[in-house]
Amino acid sequence: MYVRVNVVDFKSKEAMDEALSIYRLNSAKWIVGAQFLLTMKTSDQSAMYVAVYNSEDDADNALVGREKYIEAMGDLVHDVFYHEGDMDFAYLNENFINADSIQIGS
C-alpha cells in the first residue's frame with residue numbers, strides 16, 4: 001500500500017469549508033484508484049488529506065485528480081504540499097466502519 005498526505009493552508013475558515021465541501025462531493029470520482037480517503041481539519045484554516053492506494057503507480061495515476069481538486073479550490077488556498085511513501089502500518093477497528101461520519105462508496 002502507498003500513502004499520500006496533502007497539507008493545505010487556506011486563506012480563511014470559509015475558504016477551507018468551501019474547499020472541503022468540494023472535496024467531499026468530488027473526491028471519489030477525481031482521486032481514481034484510491035482505496036481510502038480521509039480529511040482532517042488541523043486548524044480553523046488548514047487541513048490534511050490522506051489517500052491510500054494499492055501501489056505507487058496508482059498514486060501517481062491519481063495525481064490528475066489531485067490537480068483537478070487544486071484547480072477547483074482556485075484562490076481559496078494559501079499553500080499546498082504533500083508527502084508520500086509506503087505504508088508501514090494500518091489498523092482498522094471493526095466499529096470504525098459503523099461510525100456516523102463515514103461515507104461508504106461513491
Side-chain angles (χ1 to χ4, degrees):
M1 302 295 273
Y2 198 78
V3 180
R4 180 173 292 127
V5 177
N6 292 274
V7 179
V8 183
D9 291 320
F10 298 94
K11 293 185 176 178
S12 67
K13 179 189 182 314
E14 294 76 22
M16 180 178 73
D17 291 343
E18 184 177 341
L20 288 171
S21 178
I22 292 168
Y23 190 80
R24 282 190 297 275
L25 292 172
N26 298 292
S27 61
K29 65 182 173 199
W30 286 350
I31 314 298
V32 177
Q35 299 300 304
F36 178 77
L37 297 169
L38 175 133
T39 57
M40 178 180 80
K41 296 177 183 179
T42 55
S43 77
D44 63 345
Q45 288 185 220
S46 64
M48 286 179 46
Y49 300 69
V50 178
V52 178
Y53 304 90
N54 283 325
S55 68
E56 184 175 357
D57 286 340
D58 287 348
D60 289 344
N61 291 335
L63 285 172
V64 172
R66 180 182 180 272
E67 289 304 316
K68 286 181 186 177
Y69 179 55
I70 289 172
E71 289 174 18
M73 289 189 295
D75 64 352
L76 303 172
V77 174
H78 174 70
D79 189 25
V80 59
F81 63 93
Y82 67 90
H83 299 280
E84 61 183 57
D86 291 321
M87 180 185 293
D88 178 63
F89 174 80
Y91 168 78
L92 181 63
N93 184 287
E94 64 187 42
N95 295 322
F96 178 81
I97 205 73
N98 297 320
D100 291 336
S101 63
I102 303 296
Q103 176 183 334
I104 305 299
S106 40

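Treat the numbers as computed from the prediction; the structure is a model and nothing was measured. Start at 1 with the first residue, then count along the sequence.
- Criterion: ILVMFWY side-chain heavy atoms under 4.5 Å apart, direct or through other members. Under it, Val80 and Val64 are not part of a common hydrophobic cluster.
- The structure places OG of Ser55 at 7.5 Å from CG of Asn61, a figure rounded to the nearest 0.5 Å.
- Residues satisfying the ring pair (Phe, Tyr, Trp, His ring centres under 6.0 Å) test with Tyr2, not counting sequence neighbours, are none.
- With a 6.0 Å radius and a threshold of 12 heavy atoms from other residues, nucleotides or ligands, Lys11 has its NZ atom above the threshold.
- In the hydrophobic clustering of ILVMFWY residues, with side-chain heavy atoms under 4.5 Å counting as a link, Met40 and Tyr69 come out apart.
- Using a distance-only test at 3.5 Å, with no hydrogens or angles considered, no donor-acceptor pair links the side chain of Tyr49 to the main chain of Leu20.
- Annotation: side chain of Phe10 is in contact with side chain of Val77 (closest heavy-atom distance under 4.5 Å).
- The pair Asp58-Arg4 does not meet the salt-bridge criterion, since no charged nitrogen lies less than 4.0 angstrom from a carboxylate oxygen.
- Here Met1 contributes atom CE and Asp86 contributes atom CG; the two are 11.0 Å apart, rounded to the nearest 0.5 Å.
- The heavy-atom pair separating Asp44 from Met16 by the smallest distance is O-CE, 3.5 Å.
- The ring pair (Phe, Tyr, Trp, His ring centres under 6.0 Å) check on Tyr91 picks up nothing, with sequence neighbours excluded.
- Between the CD atom in Glu67 and the CD atom in Glu71 there is a gap of 6.5 Å [rounded to 0.5 Å].
- Note that the CD atom of Gln45 and the CG atom of Asp17 stand 10.5 Å from one another [nearest 0.5 Å].
- Here the CD1-CG distance, from Ile31 to Leu63, works out to 9.0 Å after rounding to the nearest 0.5 Å.
- Both Val3 and Phe36 are part of a single hydrophobic cluster, where members link through side-chain heavy atoms under 4.5 Å apart.
- Closest approach of Ala59 and Tyr53 over heavy atoms only: CB-CD1, 3.4 Å.
- No continuous path of hydrophobic side-chain contacts links Leu37 to Met48 [ILVMFWY only; heavy atoms under 4.5 Å].
- The CE atom of Met73 sits 5.5 Å away from the CD1 atom of Ile70 when rounded to the nearest 0.5 Å.
- In this structure, Leu92 is a member of the same hydrophobic cluster as Val5, with clusters built from ILVMFWY side-chain heavy atoms closer than 4.5 Å.
- Ser46 and Asp9 get closest at one heavy-atom pair: CB-OD1, 3.2 Å.
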